[in-house]
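Take a look at the structure set out below.
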Amino acid sequence: MREPTFERVFVKWKRNFVAELENGVIVRAYFTDGVVEEKVETETAEILKERLTDYFSAKPVDFSEFRVVYPTRFAERVLREVRKIPYGAVETYSSLAGRLSTSPRAVGVALRMNLVPVIVPCHRVVAKGGLGGFSSGVEVKKLLLEMESKVSQETL
DNA sequence: GTTTAGCTGCACT
DNA sequence: AGTGCAGCTAAAC
C-alpha cells in the first residue's frame with residue numbers, strides 16, 4: 001500500500017481560503033481569518049493552487065477537473081449537478097430539485113453537507129425569493145456571487 | 001404589501 | 001419512529 005499523502009493549499013482573500021487534499025483528492029475546504037502553513041507536493045495540488053489563486057483574483061475558473069469527496073450517496077447526486085453550473089450563473093433550489101425529482105428542502109440538506117465550497121460551487125444555488133443559506137456564512141456567499149457576476153459582466 | 005401554516009425528502013439519533 | 005432543516009406555496013392577516 002502506498003503511503004497516504006496529505007497536502008494543504010492556502011490562498012489569501014477577504015476571507016482566506018484553505019483546501020486540503022488526501023491522495024490527490026480534495027477532502028475539505030474552508031474559509032478562515034487565520035493563516036495556515038501550506039504543504040504542496042504533487043502536481044495536482046500545484047494546479048489547484050494556481051486555479052484558486054486565479055479564482056480569488058477575480059478570474060473565471062472551472063474546477064471540474066478536480067476530484068472531491070462526497071459525504072453521502074444522495075449528496076453526491078445533488079453536488080454533481082451543482083458542479084455543472086457555469087461560472088457566474090445561478091440556479092434555484094427548486095429548479096435543481098425538479099431536475100433531480102426531489103424537494104427543495106432536501107437539496108438544501110445536501111448542500112449543507114458539502115465539504116468543499118467554491119470547488120463545488122454551492123454558493124451558486126439560491127432561494128427563489130432571496131439568497132438562501134450558506135454553511136460558511138451568507139456574507140461570504142454574497143461576496144462570491146458579487147465577484148462572479150462582476151467578472152462575467154466584464155467578459156462580455 | 002407582509003406574516004404564517006403546512007408540505008416536503010432526506011439524514012441523523 | 002421521531003426530529004430537524006441552506007425552501008416553497010398558498011392562504012391568511
Side-chain angles (χ1 to χ4, degrees), chain A residues 4 6-36 45 48-49 51-155:
Chain A
F6 177 84
E7 297 173 278
R8 180 155 48 207
V9 174
F10 178 79
V11 180
K12 280 196 85 158
W13 198 52
K14 295 171 185 178
R15 303 285 311 282
N16 298 337
F17 186 78
V18 180
E20 294 176 351
L21 301 92
E22 272 172 34
N23 304 316
V25 180
I26 305 166
V27 295
R28 205 154 64 104
Y30 54 92
F31 288 90
T32 175
D33 289 323
V35 175
V36 297
L48 177 61
K49 184 179 170 61
R51 296 279 185 280
L52 284 171
T53 305
D54 280 351
Y55 179 81
F56 286 111
S57 316
K59 292 181 190 164
V61 173
D62 175 39
F63 290 104
S64 54
E65 69 187 282
F66 297 100
R67 295 200 53 192
V68 304
V69 289
Y70 298 106
T72 66
R73 211 45 190 271
F74 174 71
E76 172 166 0
R77 217 158 64 86
V78 177
L79 294 174
R80 275 188 187 282
E81 206 63 29
V82 170
R83 294 190 80 181
K84 294 182 193 164
I85 304 173
Y87 186 95
V90 294
E91 184 159 4
T92 62
Y93 294 94
S94 68
S95 83
L96 262 174
R99 215 130 40 74
L100 296 165
S101 312
T102 182
S103 76
R105 208 86 201 272
V107 171
V109 170
L111 292 199
R112 196 188 41 182
M113 294 188 287
N114 181 23
L115 297 166
V116 285
V118 179
I119 293 145
V120 173
C122 55
H123 58 278
R124 292 181 194 146
V125 184
V126 298
K128 210 171 182 182
L131 189 62
F134 196 57
S135 41
S136 339
V138 289
E139 274 310 305
V140 175
K141 185 175 187 174
K142 215 192 289 180
L143 286 173
L144 293 173
L145 288 174
E146 277 169 12
M147 178 174 77
E148 289 195 11
S149 78
K150 209 163 127 192
V151 172
S152 40
Q153 282 292 314
E154 289 166 4
T155 321

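We use all heavy atoms of the structure for the numbers below, so side chains are in, but hydrogens, waters and symmetry mates are not. First the proteins, then the strands, lettered A, B, ... as listed; each starts at 1. Bear in mind that the values here come from a model prediction, so they are computed numbers and not experimental data.
Relative orientation of the A:Phe56 and A:Phe31 rings is perpendicular, given thresholds of 30° and 60° on the angle between their planes.
Nearest heavy atoms, A:Met113 versus A:Ala75: CE-CB, 3.7 Å.
Between A:Ile85 atom CD1 and C:dA6 atom C1' there is a gap of 14 Å when expressed in whole angstrom units. Distance A:Tyr93 OH to B:dC10 P: 17 Å, rounded to the nearest Å. Between the P atom of B:dT8 and the CG atom of A:Leu96 lies a distance of 20 Å, rounded to the nearest Å. Per the geometry, NZ belonging to A:Lys128 stands 12 Å off C1' belonging to C:dA10, to the nearest Å. Atom pair A:Glu139:CD and C:dA6:P shows a separation of 18 Å (rounding to whole Å applied). Rounded to an integer number of Å, the gap from A:Asn114 CG to B:dC10 C1' is 16 Å. Atoms OH (A:Tyr70) and P (B:dC10) sit 19 Å apart, rounded to a whole Å.
With A:Arg124 contributing its side chain and A:Ile85 its backbone, the two residues share a donor-acceptor pair below 3.5 Å. Without hydrogens or angle criteria, A:Thr53 side chain to A:Lys49 main chain gives a donor-acceptor distance under 3.5 Å. In this structure a side-chain-to-backbone donor-acceptor pair under 3.5 Å is missing from A:Arg112 to A:Ser135.
Checked against a 6.0 Å centroid threshold, the rings of A:Phe17 and A:Tyr55 do not count as neighbours.
Taking the side chain as every heavy atom from C-beta outward, A:Leu48 and A:Leu52 approach each other to under 4.5 Å.
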Show me the dot-bracket string of DNA chain C, counting Watson-Crick or G-U pairs under 3.5 Å, with | for pairs to another strand and [ ] for crossing ones. |||||.|||||||
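Picking from B:dA11, C:dG7, C:dA6 the nucleotide with the shortest atom distance to the side chain of A:Ala127 gives C:dG7.
Counting heavy atoms of neighbouring residues, nucleotides and ligands inside a 6.0 Å radius, atom CZ of A:Arg67 does not exceed 12 of them.
For a distance-only test at 3.5 Å, the side chain of A:Thr72 fails to qualify as a donor-acceptor partner of the base of B:dA11.
DNA chain C is contacted by A:Pro104, A:Arg105, A:Gly108, A:Val109, A:Leu111, A:Arg112 of residues 97-113 of chain A, taking any non-hydrogen atom closer than 4.0 Å.
Ion pairing between A:Glu139 and A:Arg15 fails under the 4.0 Å rule for side-chain N and carboxylate O.
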